[in-house]
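Computed from heavy atoms alone, side chains included, the values below leave out hydrogens, waters and symmetry copies.
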Amino acid sequence: GGQRRDFVHVSDVAAANIAALERPVPYAGALNVASGHPFTLLDMARTMAAEDGRGLEPAVVGGYRIGDVRHVTADANLARSVLGFEAQVQPSDGLAAFVHEPLRRPPAR
C-alpha cells in the first residue's frame with residue numbers, strides 16, 4: 001500500500017484538454033497533467049473507506065510483485081507554463097467525492 005500515485009481528477013484533465021484546444025498556437029510535445037500531490041494507495045483506500053461510513057479499515061493483502069512500478073508521479077510544471085494548467089481538485093477531495101458518485105451506487109432491486 002505504500003506505492004505512490006499522482007491521482008488527478010477527471011475535471012482537471014478536462015480543463016487541461018480545453019486549455020490545449022484553446023491555445024492559439026499548438027504545442028509540439030507532451031505535457032504531464034497531474035495533481036502534484038502524490039498519494040499512497042493505502043491512503044487512497046483509507047480515504048475512500050472513511051468516506052464510505054462503514055468503519056472498515058483497508059487491509060494490505062499482498063506484497064510487492066516483480067515488475068510493479070513502485071511510485072508513479074509527474075511534474076506538471078511545463079503544463080503550467082504552456083497552458084496555465086494547475087489542478088484544482090486535491091486527490092483526497094476527489095476520492096472522497098468518488099465514493100458518493102451516483103454511478104458507484106448499487107442498482108436498486
R80, CZ: over 12 other non-hydrogen atoms inside 6.0 angstrom: yes
Minimal non-hydrogen separation, D6 against A34, with atom names: OD2-CB, 3.2 Å
Spacing of I18 atom CD1 and F85 atom CZ [to the nearest 0.5 Å]: 11.5 Å
Pairing residues for D75 by the salt bridge (charged side-chain N to carboxylate O under 4.0 Å, His left out) criterion, not counting sequence neighbours: none
Side chains of V99 and L95 in contact at under 4.5 Å (non-hydrogen atoms): no
Could you tabulate the donor-acceptor pairs under 3.5 Å formed by side-chain atoms of residues 86-94, not counting sequence neighbours?
residue: Q88; atom: NE2; partner: E86; partner atom: O; Å: 2.8
residue: Q90; atom: NE2; partner: H37; partner atom: NE2; Å: 3.4

Listed partners of T73 passing side chain to side chain donor-acceptor pair (under 3.5 Å), at least two apart: none
Which atom of H9 lies closest to which atom of S11, heavy atoms considered: ND1-OG, 2.8 Å
Pairs satisfying salt bridge (Lys or Arg N to Asp or Glu O under 4.0 Å), at least one member in residues 60-74, at least two apart: R65-D68
Contact summary for A16 and V33, nearest pair of heavy atoms: CB-CG2, 3.7 Å
With sequence neighbours excluded, residues passing side chain to side chain contact (heavy atoms under 4.5 Å, CB included) with V82: R23, Y27, L31, L78
Identify each donor-acceptor pair in which a side-chain atom of residues 41-49 lies under 3.5 Å from a protein atom, sequence neighbours left out, and give them as a table.
residue: D43; atom: OD2; partner: T40; partner atom: OG1; Å: 3.2
residue: R46; atom: NE; partner: E57; partner atom: OE2; Å: 2.9
residue: T47; atom: OG1; partner: D43; partner atom: O; Å: 2.8

For V13 against N17, the heavy-atom pair lying closest together: O-ND2, 2.8 Å
